[in-house]
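Report on one structure; see the data block that follows.
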Protein chains: 2
Amino acid sequence: MDQVAQHAGVSVMTVSRVMNNVPGVKKTTREVVMRAVKELGYSPNAAARSLARHGSGRVGLLYSNPSAGYLSEILVGALDEAQRSGALLVIEKCDLSLESEKAAIGRLVSGGVAGVILPAPHADSQPAIAELQDHGVIAVAVGTGRSRSDANVVRMDDFAAAADMTRHLLELGHRRIGFVKGAENQTVSMERLLGFEHEIRNTEPAATALIEPGNFTYRSGFEAAERLLSDPQPPTAIFASNDDMAAGVVAAAHRRGLDVPGDLSVAGFDDTHIATAVWPELTTVRQPVARMAEAALRIVLDESRSGRDRARDGKPVDRMLPHELIVRTSSGQVPVRN
Amino acid sequence: MDQVAQHAGVSVMTVSRVMNNVPGVKKTTREVVMRAVKELGYSPNAAARSLARHGSGRVGLLYSNPSAGYLSEILVGALDEAQRSGALLVIEKCDLSLESEKAAIGRLVSGGVAGVILPAPHADSQPAIAELQDHGVIAVAVGTGRSRSDANVVRMDDFAAAADMTRHLLELGHRRIGFVKGAENQTVSMERLLGFEHEIRNTEPAATALIEPGNFTYRSGFEAAERLLSDPQPPTAIFASNDDMAAGVVAAAHRRGLDVPGDLSVAGFDDTHIATAVWPELTTVRQPVARMAEAALRIVLDESRSGRDRARDGKPVDRMLPHELIVRTSSGQVPVRN
DNA sequence: GGTCGAGATGTTAGCGCTATTAAAAATGTC
DNA sequence: GACATTTTTAATAGCGCTAACATCTCGACC
């Protein structure tokens with residue numbers, strides 16, 4: 001850093017200001033510094049930064065055992081941003097029991113984290129958020145269905161995404177569509193269901209929805225499909241609330257000798273690994289998980305820095321990231337009824 | 001740390017020595033310090049440590065897009081150990097092309113890492129290892145099949161594990177067993193095949209092996225199973241070289257109306273997420289991925305510290321971690337021939 | 001022209017830890 | 001018991017960066 005400062009003919013402090021995008025640096029100076037940084041190939045030392053910032057920049061991440069692919073995306077996103085902004089990621093494992101969650105949060109707090117990222121399914125854990133709040137630690141829920149008044153939230157528009165997917169199926173001509181719900185304890189499950197129902201209700205000619213419970217596991221998807229397909233008038237498309245369940249649906253269809261998408265269209269949600277692992281590859285909704293994790297980390301960092309002087313005043317952040325409909329080969333035109 | 005030192009009646013340096021297991025501290029002193037550490041709930045600051053150690057403790061991790069579940073386990077293991085030993089993980093993404101690999105390594109090296117962890121499939125990338133060596137950076141290959149003379153290795157005994165699984169199938173009475181090979185460019189594929197063949201050859205009464213190519217993807221497993229099952233004398237069990245392919249095998253069996261394990265036993269390898277996601281849950285071999293990542297990180301740290309004074313002398317480390325046979329419901333007694 | 005003030009930069013003092021060097025205590029030797 | 005030798009412990013100086021405050025620059029205004 002000294003070298004950069006010398007090369008640019010300024011003091012180290014100015015370099016620091018430039019590197020951190022602190023306002024109050026003349027544009028020309030900033031440019032000179034930037035050029036020096038590039039020429040010398042300088043990159044700041046995360047450890048030193050974290051140290052000088054008084055241990056700020058320690059961020060916790062609670063994880064249990066979600067869809068695995070989900071976790072790796074979360075980790076990659078968070079780690080990436082952590083590196084960029086010089087934060088230190090402290091990850092802590094727990095299972096879904098309340099004690100375990102509480103214990104993990106305790107470890108995180110005593111580890112001196114400024115904030116904690118709560119990916120699904122912890123994003124909907126009221127006790128976890130309350131616990132964090134009690135300790136004065138910033139909480140960011142990632143992948144929850146709704147905005148919250150007591151915690152920052154990073155999410156996608158599950159309602160709109162489910163509606164998009166439903167519209168896709170309707171446009172392919174399907175009018176009898178099965179839906180496999182997600183786990184009850186996650187708010188996204190409800191949002192996705194509502195988005196589905198909203199589109200079904202508002203279509204012309206009218207469509208019929210066949211709704212089955214599920215809990216985000218492959219097996220529950222398989223079983224729901226078994227029930228749906230043994231209906232005297234089975235659906236021509238099934239929309240499962242996540243990819244694991246959609247894979248289960250495909251398996252159930254294959255077991256009955258049904259072709260996908262020839263006889264049955266299948267749609268998933270999340271675009272996790274399994275979506276492209278199974279065959280045919282799943283039509284699904286891409287959830288920008290890595291980007292969401294990045295955003296969550298950024299929120300913790302921003303809040304922890306600004307929150308020091310100004311009292312806890314404002315509303316929590318609610319950041320919504322765009323989703324994307326991914327059409328692959330598991331969905332197709334409605335079969336012609338003989 | 002000051003507090004701990006005061007509480008224990010020693011200097012901070014002694015505390016530092018104790019925390020780092022440096023030899024040259026009297027046993028009694030060490031105990032006193034330990035007690036003080038516990039009573040005060042002290043935990044060292046990773047950032048400060050990394051800073052003082054002159055930036056040592058920066059470790060790179062190259063990842064592409066492996067089995068997803070694999071990546072998250074690697075990350076969790078590495079991150080966990082990184083935190084414990086105060087190292088900083090720098091992760092870098094790349095795809096399988098050589099330029100991309102080289103570019104990622106370049107970024108890592110200029111980021112000043114002491115070593116780089118290469119999980120599969122990069123573990124078998126000769127150019128990557130050579131590149132690292134050129135830059136004088138420690139390389140650790142994780143999940144390769146063989147020991148190497150030019151890089152440290154953390155692995156499991158793929159040969160023995162495949163043999164174990166084969167023996168399991170033989171003990172269930174199967175004598176006509178299909179095997180789906182892994183990708184050609186990974187050494188573990190060969191090890192697993194050899195382990196399988198070894199057991200098949202050494203069994204009484206004699207067994208028959210039906211070997212099909214595969215490339216670790218669900219689809220290749222599916223297709224291999226299609227070929228195996230359309231044999232006039234189909235196997236009663238299929239052993240796939242990883243879980244994704246095993247899931248494909250199960251799907252192919254279901255599609256033909258075969259019950260698993262009633263008509264066909266299926267075995268996988270790795271015990272990734274998909275093993276318990278599909279139904280029936282897969283009998284597989286547990287690969288201790290997280291533990292392997294931990295070990296890899298530790299090797300980098302140890303080597304980088306000791307390597308400073310003594311010249312590059314000794315053989316590279318070859319650490320083999322134990323595997324475990326996981327019997328679930330996808331494997332069963334050989335069906336009685338009618 | 002001189003004073004004021006706001007914005008732009010520079011200075012200094014650590015953040016928590018470890019290397020290094022110096023000192024003290026324990027051990028051994030005759 | 002005096003001295004050399006080996007442990008074991010203490011003191012001090014940074015690692016690379018940023019917060020807080022000090023200083024400077026320069027135009028506005030009386």
Side-chain angles (χ1 to χ4, degrees), chain A residues 1-34 36-37 40-58 83-88 111-112 114 301 304-309, chain B residues 1-33 36-37 40-58 83-88 111-112 114 301 304-306 308-309:
Chain A
M1 199 160 169
D2 265 345
Q3 291 181 31
V4 175
Q6 223 167 322
H7 193 93
V10 298
S11 76
V12 284
M13 199 53 228
T14 304
V15 177
S16 169
R17 286 205 185 84
V18 171
M19 293 309 287
N20 292 293
N21 277 317
V22 175
V25 180
K26 227 186 342 193
K27 213 168 178 182
T28 54
T29 314
R30 187 175 295 267
E31 276 161 13
V32 171
V33 173
M34 283 302 217
V37 166
L40 272 65
Y42 162 79
S43 90
N45 178 321
R49 184 181 280 188
S50 161
L51 184 56
R53 283 217 270 248
H54 199 83
S56 138
R58 233 137 96 155
Q83 212 184 305
R84 212 168 320 148
S85 48
L88 237 50
L301 264 25
S304 76
R305 197 188 291 206
S306 67
R308 225 174 299 162
D309 17 52
Chain B
M1 198 159 170
D2 266 344
Q3 290 181 31
V4 174
Q6 224 168 321
H7 193 92
V10 298
S11 77
V12 284
M13 200 48 228
T14 305
V15 177
S16 168
R17 285 206 189 82
V18 171
M19 294 308 289
N20 291 293
N21 278 316
V22 174
V25 181
K26 229 190 335 197
K27 215 172 179 179
T28 55
T29 315
R30 187 176 294 267
E31 275 161 16
V32 171
V33 173
V37 166
L40 274 65
Y42 163 78
S43 91
N45 178 319
R49 183 181 281 188
S50 161
L51 182 56
R53 282 218 268 250
H54 200 85
S56 139
R58 235 135 96 153
Q83 211 185 308
R84 211 169 321 151
S85 47
L88 236 52
L301 262 27
S304 75
R305 198 187 290 206
S306 68
R308 226 175 297 161
D309 17 53

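Since this is a predicted model, take the numbers as computed values, not measurements. Every chain is numbered from 1 and lettered A, B, ... according to where its sequence line falls, protein lines coming before strand lines.
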Interatomic distance where CG belongs to A/Leu51 and P belongs to C/dG14 [whole Å]:
14 Å
Over how many whole Å does the gap from B/Met1 atom CE to D/dT12 atom P extend?
16 Å
At less than 4.0 Å, is any side-chain N or O atom of B/Thr29 found next to OP1 or OP2 of D/dT8? Yes or no.
no
Using whole Å, what does the distance between atom C1' of nucleotide D/dT8 and atom CD of B/Glu31 come to?
16 Å
Specify the separation, in whole Å, of atom CD of A/Gln3 and atom P of D/dG16.
10 Å
Does any non-hydrogen side-chain atom of B/Val37 lie less than 4.5 Å from one of B/Met19?
yes
A/Val15 versus A/Gln3: any side-chain heavy-atom pair under 4.5 Å?
no
Kindly check if the number of other-residue, nucleotide or ligand heavy atoms within 6.0 Å of CD (B/Glu31) is above 12?
yes
Below 4.0 angstrom from OP1 or OP2 of C/dC17, is there any side-chain N or O of B/Ser16?
no
With DNA chain C as reference, determine whether B/Met13 or B/Ala48 sits nearer its 5' end, using the nearest nucleotide of each.
B/Ala48
If you measure from NZ on A/Lys26 to OG1 on A/Thr14, what distance do you get to the nearest 0.5 Å?
11.0 Å
Nearest-neighbour nucleotide for the B/Arg17 side chain, C/dC17, C/dT20, D/dG16 considered:
C/dT20
When we call it a touch if two heavy atoms are under 4.0 Å apart, what does B/Val12 touch: a base, just sugar-phosphate, or nothing?
nothing
Whole-Å distance separating the CG atom of A/Asn20 from the P atom of C/dA8
17 Å
How long is the line joining CG of B/Asp2 and C1' of C/dC17, in whole Å?
10 Å
With a 4.0 Å cutoff (strictly under), does any side-chain N or O of B/Ser11 reach OP1 or OP2 of D/dA11?
no
Whole angstroms only, please: what is the CD-P distance between B/Gln6 and D/dA10?
12 Å
Is the shortest side-chain N/O distance from A/Thr14 to OP1 or OP2 of C/dA8 below 4.0 Å?
no
Using atom NZ of A/Lys27 as one end and atom P of C/dG7 as the other, report the distance to the nearest whole Å.
17 Å
Check: B/Val10 and B/Thr29 side chains under 4.5 Å, non-hydrogen atoms
yes
